[in-house]
Amino acid sequence: MDQSIRSDLGSGRRRNPHDGLPDELSRRSSQIRPRVLCIGIPVRDLTFRVSAVPGRGSKENATHFDEICGGNALNAAIAIARLGGRVSLCGPMGDAREMSTRFIFEKLAHEGIETEHLVHMPGLVTPISAVMVDPSGERTIVTFRDPELWKVHLPPIETLLDDCAAILTESRCAEFCTDLCAEATRRGIPVVVDVDRAMSLREGLLTAPPIWYSQANRCRKPPMSATTARRCTKSQN
């Protein structure tokens with residue numbers, strides 16, 4: 001083992017991967033950060049901790065209240081940013097003057113998430129959820145998403161894929177992001193779809209492989225068709 005590596009391990013100091021590189025090369029390497037593009041519909045979550053979920057027509061006092069950002073893609077973007085990655089968020093939001101929109105933008109700025117690809121839709125409301133959490137941790141959620149949000153036109157594909165290293169999107173966004181994801185796969189850019197609902201085979205995201213699908217903390221490629229499986233078997237024999 002190299003003496004400098006032994007010294008680093010012995011001292012407990014984390015080794016810089018750019019150690020030993022020329023100064024200029026090291027500087028450039030440290031500045032190049034791949035960007036992950038997260039596509040989704042941000043949500044403002046109002047969370048209430050309750051001793052029990054209220055029955056129909058009843059009331060319940062909450063033991064705790066919090067206001068946070070939500071949405072699958074937004075949560076993934078926060079995780080990537082906190083792990084030190086560079087990430088941008090893309091998708092429809094409500095009117096720029098609307099309260100939930102301002103709240104979410106403040107939180108994204110605090111996390112260091114790039115927001116220039118988010119699209120404000122005048123006159124609409126950013127989605128909002130009431131989330132009740134019982135003592136077991138189980139959630140009961142009511143969400144309002146304006147159907148008009150799905151009429152969004154994202155920024156140009158060339159703009160979104162410029163210096164993009166990977167894409168993560170929500171299955172509910174298939175209506176406005178399928179062409180983008182298909183072009184990304186053609187360029188060799190990995191695409192992951194966070195699936196939280198049943199998807200129709202008519203949806204383009206299911207017919208534009210190779211796209212990876214994530215559900216219940218599992219990540220997989222879509223299953224092979226019988227024809228593809230037979231071709232693979234023949235090629236291996």
Side-chain angles (χ1 to χ4, degrees), residues 35-45 69-80 87-94 100-101 104 108 113-129 139 141-225 227-228:
R35 178 175 63 88
V36 178
L37 176 65
C38 293
I39 306 170
I41 304 178
V43 182
R44 178 188 178 196
D45 285 342
C69 294
N72 298 352
L74 188 151
N75 289 336
I78 289 176
I80 293 167
V87 59
S88 60
L89 188 62
C90 176
M93 293 189 71
S100 295
T101 297
I104 290 174
L108 294 177
I113 295 170
E114 299 174 15
T115 58
E116 63 267 27
H117 300 318
L118 287 169
V119 181
H120 291 295
M121 303 192 70
L124 300 188
V125 175
T126 292
I128 188 167
S129 291
R139 302 173 302 162
I141 305 175
V142 177
T143 302
F144 172 73
R145 292 187 181 91
D146 193 318
E148 294 295 308
L149 291 168
W150 274 265
K151 296 181 180 179
V152 65
H153 294 285
L154 299 182
I157 288 178
E158 289 299 328
T159 299
L160 294 176
L161 295 186
D162 182 38
D163 79 354
C164 177
I167 291 177
L168 180 143
T169 187
E170 303 171 4
S171 56
R172 66 171 60 91
C173 299
E175 188 172 335
F176 55 79
C177 78
T178 296
D179 290 345
L180 170 65
C181 293
E183 178 60 25
T185 61
R186 282 193 288 269
R187 299 185 186 191
I189 299 172
V191 176
V192 175
V193 180
D194 192 334
V195 179
D196 67 352
R197 63 173 178 83
M199 298 179 69
S200 168
L201 289 175
R202 293 189 298 271
E203 295 185 51
L205 279 178
L206 290 182
T207 58
I211 292 178
W212 291 79
Y213 297 83
S214 172
Q215 184 178 22
N217 298 321
R218 298 174 65 185
C219 191
R220 59 184 176 81
K221 276 191 175 181
M224 289 184 184
S225 66
T227 302
T228 303

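By convention here, the first residue in the shown sequence is residue 1.
Counting all heavy atoms, side chain and backbone alike, Val87 lies closest to Cys38 at CG2-SG, 3.7 Å. Minimum heavy-atom separation, Pro42 to Thr126: O-CG2, 3.8 Å. Closest heavy-atom contact between Ala76 and Leu168: CB-CD2, 4.0 Å. The heavy-atom pair separating Asn75 from Gly70 by the smallest distance is OD1-CA, 4.0 Å. Here the closest non-hydrogen pair linking Val191 and Ala184 is CG2-CB, 3.9 Å.
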Steps toward side chain to side chain contact (heavy atoms under 4.5 Å, CB included) verdict (Val43, Leu74): CA-CA 8 Å; Val43 182; Leu74 188 151; over 6 Å; no
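The structure places SG of Cys164 at 12.0 Å from CD1 of Ile157, a figure rounded to the nearest 0.5 Å. Separation of atoms CG (Asp194) and OG (Ser171) is listed at 7.0 Å; rounding is to 0.5 Å. Note that CG of Leu108 is 7.0 Å distant from CE of Met93, once rounded to the nearest 0.5 Å. Rounding to the nearest 0.5 Å gives a distance of 8.5 Å between CD1 of Ile80 and CD1 of Ile113.
At a threshold of 4.5 Å between non-hydrogen side-chain atoms, the residues Phe176 and Leu149 do not count as touching.
Every residue two or more places apart in sequence or in another chain that forms a side-chain contact (heavy atoms from CB on, under 4.5 Å) with Leu160 is listed here: Leu37, Cys90, His117, Leu154, Pro155, Leu180. The side chain to side chain donor-acceptor pair (under 3.5 Å) search around Arg187 returns Glu158, Glu183, not counting sequence neighbours. Partners of Arg35 according to the salt bridge (Lys or Arg N to Asp or Glu O under 4.0 Å) rule, which considers only residues two or more places apart in sequence or in another chain, are Asp163. Residues passing the salt bridge (Lys or Arg N to Asp or Glu O under 4.0 Å) test with Glu116: none are found, sequence neighbours excluded. With sequence neighbours excluded, the residues that form a side chain to side chain donor-acceptor pair (under 3.5 Å) with Thr143 are Ser129.
A donor-acceptor pair is defined here as one N or O able to donate and one able to accept, closer than 3.5 Å; such a pair exists between the side chain of Thr169 and the backbone of Ile39. Distance alone, capped at 3.5 Å, is enough to place a donor-acceptor pair between the Glu170 side chain and the Ala73 backbone. Under the 3.5 Å distance criterion, the side-chain polar atoms of Trp150 are matched with a main-chain donor or acceptor of Arg172.
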